[in-house]
Amino acid sequence: MTASNPSPGFTTALVHADRRAGIEHGAIRKPIHTSVQYGFERVEDLIGVFQGTVKGGFNYARQGTPTTAALEARITQMEDGIGSITFGTGMAAICAVFLTLLKQGDHVVSSQFVFGNTNSVLGTLGQFGIEVSKVDVTSVDAVRTALQPNTRMVFVETLANPGTQIPDLEGIGQLCAERGLLYVVDNTITSPWLFRPKAVGASLVIHSLTKTIAGHGTALGGSVTDTGLFDWSRYPNIFPAYRSGDSRQWGLAQIRKKGLRDMGAALSSEQAHAIASGAETLALRVNHASATALRLATFLAEHPAVAKVHYPGLSDHPQHERARKLFKAGAWLLSFELRDANRLVEVINRLNVVIKATGLGDTRTLIIPVAPTIFWEAGAETRARMGIADGLIRLSIGLEDADDLIADLGQALA
Ligand SMILES: *Cc1c(COP(=O)(O)O)cnc(C)c1O
């Protein structure tokens with residue numbers, strides 16, 4: 001980046017983000033701060049950190065460290081938000097949003113195609129007296145129909161796993177803006193490189209940093225970013241303690257204080273550093289894996305042993321035009337159905353390069369048969385309702401050369 005370029009590109013801004021903060025000894029990478037406690041010369045500053053009048057201060061690592069703060073700044077920059085909070089996992093970030101911003105008697109409209117563990121949390125909300133409607137978010141009409149006077153929040157994922165459905169992200173954004181609803185978008189699979197939810201009016205953006213952003217399968221983490229678009233002064237569930245000062249900060253203040261303090265699912269400095277290092281290659285990795293995914297999807301779609309391929313980059317995907325309009329590329333997640341579900345085990349066992357493992361967004365390509373694993377607990381009825389066929393296989397595309405992956409799948413399917 002040159003000083004004369006006022007708006008550097010995505011990756012330039014990303015790799016130079018931390019050194020701008022004036023790191024000691026001229027280090028060009030932010031170090032890992034391992035201290036749990038933070039001391040002060042003057043007790044007034046300790047008091048100020050507690051009362052929030054000293055900005056950017058630290059007191060106890062459960063609430064954040066300089067290393068998690070540096071990662072939060074990077075995520076905020078990538079998502080063009082006003083602030084972010086990191087958590088120990090993506091699930092912790094999702095739980096923090098639901099449990100700190102909703103209360104008994106509230107209603108949430110959620111996508112019916114959410115990540116399995118998120119679905120599990122939505123079930124738990126019901127036990128606390130929070131109603132959840134699960135709808136087909138590929139159409140905004142389904143969301144509109146589900147709205148109730150007590151609806152507070154609409155929750156969607158940009159690109160569903162394993163079916164790759166894409167919500168009417170723009171239509172839902174407009175609806176939420178009209179009705180003053182909190183619009184929460186899980187951008188884990190697409191990442192801010194392929195799509196910025198702020199562009200469609202998202203209030204909060206969630207990530208499992210474990211996946212696309214960290215990208216190397218060596219760190220767990222999660223985040224919540226406030227885009228600055230939501231008017232918290234009109235949100236009834238902000239506690240009196242957080243209703244002071246700039247109302248744009250109220251939501252994050254409550255999620256940080258209640259989410260990190262009460263739930264305690266803090267991200268460690270070591271993991272934050274690993275995630276920040278992984279994030280530097282986000283655009284390069286996602287471009288490569290998306291190009292590979294498109295080639296593989298095209299190969300599989302033409303293969304006689306394959307009944308169906310789910311990938312938004314293919315022209316027969318139901319939301320192909322939406323993906324083209326909103327996303328830079330089709331991302332690195334695809335699934336396909338074998339014509340003969342009885343061959344599931346045999347085909348997968350023949351693979352040599354692709355790894356038989358759960359998980360997403362690794363440098364290695366991972367494969368998993370969906371019905372007998374991640375959707376086993378859901379039961380046959382739910383699988384049928386969600387369109388999960390017995391022969392459905394999910395692929396998380398890594399960084400291997402496309403030719404090697406095509407050859408491996410080709411010999412396995414033959
Ligand atoms: C994996 C995942 C999560 C949960 O993240 P963890 O870091 O594994 O807890 C949430 N949302 C989506 C879309 C995911 O793929």
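A quick note: this is a predicted structure, and the numbers were derived from the prediction, not measured. Order of appearance sets the numbers: ligands from 1, and atoms from 1 within every ligand. Just so it is clear, the values below take in all heavy atoms, side chains as well, and ignore hydrogens, waters and symmetry mates.
Every atom of ligand 1 is numbered from 1 in the order shown, and the set under 4.0 Å from a heavy atom of M91 is 4 (C), 5 (O), 6 (P), 9 (O). Counting atoms of ligand 1 from 1 in the listed order, those under 4.0 Å from a heavy atom of G221 are 7 (O). Ligand 1 places these atoms under 4.0 Å from at least one heavy atom of L360: 15 (O).
For V114, no heavy-atom contact with ligand 1 is shorter than 4.0 Å.
A donor-acceptor contact under 3.5 angstrom links the side chains of N187 and T190, judged on distance only. Side-chain atoms of H310 and Q165 include no donor-acceptor pair closer than 3.5 Å.
With contacts defined as side-chain heavy-atom distances shorter than 4.5 Å, the pair V36/Y60 qualifies.
Here the straight-line distance linking atom CD1 of I75 with atom NE2 of H207 works out to 7.0 Å at 0.5 Å rounding.
In terms of N/O distances under 3.5 Å, ligand 1 is approached by T210. Considering both main-chain and side-chain atoms, S208 comes within under 3.5 Å of ligand 1 through a nitrogen or oxygen pair. On a distance-only criterion, D186 and ligand 1 share at least one N/O pair closer than 3.5 Å. In terms of polar-atom proximity, G90 is counted as a contact of ligand 1, with an N or O under 3.5 Å from an N or O of the ligand.
Using cut-offs of 30° and 60° on the angle between ring planes, the pair F230 and Y235 is perpendicular.
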